[in-house]
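What follows is a set of notes on a single structure, which appears directly below.
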Number of protein chains: 2
Amino acid sequence: MNKTYTWRVKEPRWLSEREFDAWLAYLTTSHLLERRIEEQLKADSGLTHSQYEILARLSAAPGKRLRMTELARLVVVSKSRLSYQIGRLEKIGLVERVSCASDERGVVATLTGEGARCLERTAPGHLAVVRAFLIDHCSPDELTTMTRIMRKAAAAMEAAGSPPS
Amino acid sequence: MNKTYTWRVKEPRWLSEREFDAWLAYLTTSHLLERRIEEQLKADSGLTHSQYEILARLSAAPGKRLRMTELARLVVVSKSRLSYQIGRLEKIGLVERVSCASDERGVVATLTGEGARCLERTAPGHLAVVRAFLIDHCSPDELTTMTRIMRKAAAAMEAAGSPPS
DNA sequence: AGTTGATGGTTCAAATTTGAACAAGACCTA
DNA sequence: TAGGTCTTGTTCAAATTTGAACCATCAACT
């Protein structure tokens, strides 16, 4: 409860106290959660959260394969970052790069058997963290509210267009 | 801490569809939002989100100054990362390092006048993004729900202790 | 076919982050 | 007071991320 944010109340275009509380809570918790997730994944499987997300998206995709650009869009990472991480996952045999049939330029990232097995082995511990620190504390109502809020936000950013790097 | 997760691994509890939707929505939106924030801050002020958070926390602190460790805790970053970023902010004159009086080892990060001015100048654009893409889409009820959820999650992580540094 | 303008993916240098190691103080207690 | 043990903050090498530059291909025309 710090009153030092004088600018907070000077102008209505700043955040109200209630809004500010929500934003600060969101911001702090997202950082803490990310830290916990990284910690657990690293310890139990050597994966980073980014890598886990890549594997999970591939696993959920039809044929367990996705074009690089589409994968980057789904995981929300830059092309160069995805390129690097796919290279890393390829090196440890969890993913394979296959050149695309219909588009000579294209590359299809494909989950290997080993990759699927790694994900299967890793998911429970990861989801346990997600549960223990977030999901299990939400009532069904809270869960739907969170989903609704997050989707509205995503839609707003979608509508704004532009910054996909 | 790793052992703590192990018992859950034995009896994997997958996420229900509703839970998974919430988690996925949260995850995706948090990435998208971070991207938007980074983009806006970089364009309008040359700051990163991390640096902005540091300045904001300092500004809110009594005397606009905080010990390194406390600042790292509030912003939720590692000590080495904070050390690097404070060095960067110091180099451009937004922050000063002052040695602590009561503890010879200690360092007090202090917001300079220039730093305060930079924050003042930068905040509106930043908050506009936070509003446009998240806050303004939340009803008062949704806002309180989000705050409640996030605080419960933070509390759960707090209670779990042994947080990484 | 040839031109033009987007798109897909990689690559490179520079900047940042990570995590462990380190030095210097503080703190406890016998 | 000495010895042992936390704490604080920095530093270093290695890993990762960033963002622009780049090449090859595609798609739509002419």
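We name chains A, B, ... by the order of the sequence lines, and we start the count at 1 in each one. Side-chain atoms are counted along with the backbone in the values below, which use heavy atoms only and exclude waters and symmetry mates.
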Please tabulate, for side-chain N and O atoms in residues 84-95 of chain A, each donor-acceptor pair with protein atoms closer than 3.5 Å (sequence neighbours left out).
unit_1: A/Q85; atom_1: OE1; unit_2: A/Q51; atom_2: NE2; d: 2.8
unit_1: A/E90; atom_1: OE1; unit_2: A/R97; atom_2: NE; d: 3.1
unit_1: A/E90; atom_1: OE2; unit_2: A/R97; atom_2: N; d: 3.1

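The nearest whole Å value for the distance from the CG atom in B/L71 to the P atom in D/dG9 is 10 Å. Going from atom CD1 of B/I86 over to atom P of D/dT11 covers 13 Å, rounded to whole Å.
The 12-atom threshold is exceeded at CZ of B/R121, counting heavy atoms of other residues, nucleotides or ligands nearer than 6.0 Å. Counting heavy atoms of neighbouring residues, nucleotides and ligands inside a 6.0 Å radius, atom CD of A/E114 exceeds 12 of them.
In terms of modelled atom types and a separation under 3.5 Å, the side chain of B/T29 and the main chain of B/A25 share a donor-acceptor contact.
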**Item:** Per-nucleotide protein contact string for nucleotides 8-17 of chain C (B base, S sugar-phosphate only, - none; heavy atom under 4.0 Å)
**Value:** SBBB---SSB
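Relative orientation of the B/H126 and B/H49 rings is tilted, given thresholds of 30° and 60° on the angle between their planes.
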